[in-house]
Amino acid sequence: MKRFVAGSLARGLSSRGGGYMSTAEMMERPGSMQGVMMNKQQSQQYYYWRSRMMSSVAEKSKEVVNGGGVEAIKEEEKKEKKNGDEEKGMANSYWGLSRPSIKRPDGTDWPWNCFMPWDSYEADLSIDLTKHHVPKKFLDKVAYRTVKLLRIPTDLFFKRRYGCRAMMLETVAAVPGMVGGMLLHLRSLRKFQQSGGWIKALLEEAENERMHLMTMVELVQPKWYERLLVLTVQGVFFNGFFGVYLLSPKLAHRIVGYLEEEAIHSYTEYLKDIDSGAIENVPAPAIAIDYWKLPKDATLKDVIIVIRADEAHHRDVNHFAADIHFQGKELREAPAPLGYH
């Protein structure tokens, strides 16, 4: 474009027609006339090229509107939106997948990707916390003694540091539901059978325990050696529980039932330290408020109460599953207790 303008300007200056004068002709005029003519010629050239440029821009705009430019404009808007999303830290997908805009009841944006508003619930605080399955059969006693033995190193390591203790407990408690749900899923595929809802029930349990962990991490920042301990314990427990579930699902569920009884005890002790002032009753994390539908002014005590209620529910579910197996039946023959989470 610049070359075109420069070339046209040169041709206009060298032309004798159209009111333009050559440099030699202007030099032959008197000095005063040279200045006047020069100014007049420059003014004419300025307005001439200005009008040419404006008409060119107008023609281009007309081409955009009439010649399929609507699609080009939309494409440009998409690019601007994409750049805006990148500035906000949002991931862009070639496949056009994105989370719809979700709002809280108060109209603010939903901040969590790990769970949605329809995953939130209110814990059943009326659940009986004192229930205990008395071990009578041989496998019951094996499960009970196993859990009691596992508690000894935990008590020695954490003592009354219940925040760190709860964090460690939840890294273990989230494993059985995932292992049981996975094995039932594979069994259902192999045998072309329904699971009676137990796959979903066990995976919901695993997800709920994981959310307990996500909450505790907001309250207690694990040290490097505690993270190393988590890796070790999770690796050993996952493989051990996987083997136990393959050999005896009834024993596996009974062990989890007793583990949940110990969890209830640990969270009760946690609450005692909060009430005594040994542990500060800090405000509840935002993730806990949204997940359990707690009031905005909820505290750590409120969070521990709802987590303890969840553990009581998991206790009942796993003891129930063990009872089904002890009766010589499969889990799919009894409907799973869905609808709590």
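Hydrogens, waters and symmetry mates play no part in the numbers below; they use all other heavy atoms, side chains included.
- Nearest approach of Glu204 to Leu338, heavy atoms of both residues: OE1-CD2, 4.1 Å.
- Counted within 6.0 Å of NZ on Lys136, heavy atoms from surrounding residues, nucleotides or ligands total 12 or fewer; the atom is thus considered open.
- Both Phe242 and Leu139 are members of a single hydrophobic cluster when ILVMFWY side chains are connected at heavy-atom separations under 4.5 Å.
- Between Pro117 and Arg104, the closest side-chain pair of non-hydrogen atoms is not below 4.5 Å.
- In terms of modelled atom types and a separation under 3.5 Å, the side chain of Trp112 and the main chain of Tyr291 share no donor-acceptor contact.
- Residue Phe158 is grouped with residue Trp224 when hydrophobic side chains (ILVMFWY) are merged at heavy-atom distances under 4.5 angstrom, including chains of intermediate members.
- Atom CG of Leu228 sits about 14.5 Å away from atom NZ of Lys223, to the nearest 0.5 Å.
- Both Leu169 and Val306 are members of a single hydrophobic cluster when ILVMFWY side chains are connected at heavy-atom separations under 4.5 Å.
- Taking both residues in full, the closest heavy atoms of Ile255 and Val147 are given as O-CG2, 3.6 Å, listed atom of the first, atom of the second, then distance.
- Hydrophobic clustering places Phe241 together with Ile199 (ILVMFWY residues linked when any side-chain heavy atoms are closer than 4.5 Å, directly or through intermediates).
- Inter-residue side-chain proximity for Arg210 and Cys114 is flagged as met; some heavy-atom pair is nearer than 4.5 Å.
- For His133 and Tyr144, the ring centers sit 6.0 Å or farther from each other.
- Aromatic ring centroids of His253 and Phe320 lie 6.0 Å or more apart.
- Around CD of Glu280, the count of heavy atoms belonging to other residues, nucleotides or ligands within 6.0 Å does not exceed 12.
- Contacts classified as salt bridge (charged side-chain N to carboxylate O under 4.0 Å, His left out) and involving residues 251-270 (residues at least two apart or in different chains) are given here: Asp140-Arg254, Lys148-Glu262, Arg151-Glu262, Arg160-Glu269, Arg254-Asp323, Glu269-Lys272.
- Within the 4.5 Å cutoff, the side chain of Phe237 has no heavy atoms near those of the Thr171 side chain.
- Side-chain atoms of Asp310 and Trp292 include a donor-acceptor pair closer than 3.5 Å.
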For this session: Please step through side-chain contact (heavy atoms from CB on, under 4.5 Å) for the pair Lys301 and Thr299, ending with a clear verdict.
Result: CA-CA 5 Å; Lys301 182 177 180 178; Thr299 61; 3.8 Å; yes
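- Nearest heavy-atom pair across Ser120 and Trp110 is OG-CH2, 3.9 Å.
- Side-chain contact between His313 and Ile127: present, with at least one pair of heavy atoms (C-beta onward) separated by less than 4.5 Å.
- Thr154 and Arg165 share no donor-acceptor pair across their side chains, judged by distance under 3.5 Å alone.
- Nearest heavy-atom pair across Pro176 and Val256 is CB-CG2, 3.5 Å.
- Checked by atom type, the side-chain pair Arg332/Gln193 shows a donor-acceptor distance below 3.5 Å.
- Between atom CD of residue Glu330 and atom CG of residue Leu184 there is a gap of 9.5 Å, rounded to the nearest 0.5 Å.
- With rounding to the nearest 0.5 Å, the separation of CD1 in Ile305 from CG in Leu300 is 10.0 Å.
- In the displayed structure, Arg161 atom CZ is contacted under 6.0 Å by more than 12 heavy atoms of other residues, nucleotides or ligands.
- Here the CG-CZ distance, from Leu251 to Phe138, works out to 9.0 Å after rounding to the nearest 0.5 Å.
- To the nearest 0.5 Å, atom CG of residue Leu183 and atom OG of residue Ser188 are 12.5 Å apart.
- Evaluated for a side-chain contact (heavy atoms from CB on, under 4.5 Å) with Phe238, the options Val179, Val233, Val172 yield exactly one hit, Val179.
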Exercise. Do Met167 and Leu213 pass the side-chain contact (heavy atoms from CB on, under 4.5 Å) test, and can you show the C-alpha distance, the side-chain angles, and the key distance before you say yes or no?
Worked result: CA-CA 6 Å; Met167 179 195 65; Leu213 176 62; 3.9 Å; yes
Problem set entry | side-chain contact (heavy atoms from CB on, under 4.5 Å) between Glu311 and His212, intermediate numbers included | CA-CA 10 Å; Glu311 304 295 4; His212 292 178; 3.3 Å; yes
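- In this structure, the side chains of Glu205 and Asn318 come closer than 4.5 Å at one or more pairs of heavy atoms.
- Taking 4.5 Å as the limit, some side-chain heavy atom of Phe115 sits within range of a side-chain heavy atom of Ile287.
- Put simply, the side chain of Glu207 does not reach to within 4.5 Å of the side chain of Met178, judged on heavy atoms.
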For this session: Begin with the C-alpha distance, continue with both residues' side-chain angles, and end with the deciding distance and a verdict on side-chain contact (heavy atoms from CB on, under 4.5 Å) for Lys131 and Asp316.
Result: CA-CA 9 Å; Lys131 280 184 181 180; Asp316 294 347; 3.9 Å; yes
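- Once rounded to the nearest 0.5 Å, the distance linking CD of Glu226 with CE of Met168 reads 7.0 Å.
- Looking at every heavy atom in both residues, Ile102 comes nearest to Met116 through CD1-SD, 3.4 Å.
- Under a hydrophobic clustering in which Ile, Leu, Val, Met, Phe, Trp and Tyr are joined whenever their side-chain heavy atoms come within less than 4.5 Å, directly or via other members, Leu125 and Ile264 fall into different clusters.
- Between the side chains of His314 and Glu209, a donor-acceptor pair is found at a separation under 3.5 Å.
- Between Asp290 and Pro111 there is a side-chain heavy-atom pair separated by less than 4.5 Å.
- The two residues Thr215 and Ala288 have their closest heavy-atom pair at CG2-CB, 3.8 Å.
- For the residue pair Tyr121/Asn208, the side-chain donor-acceptor check at 3.5 Å is satisfied.
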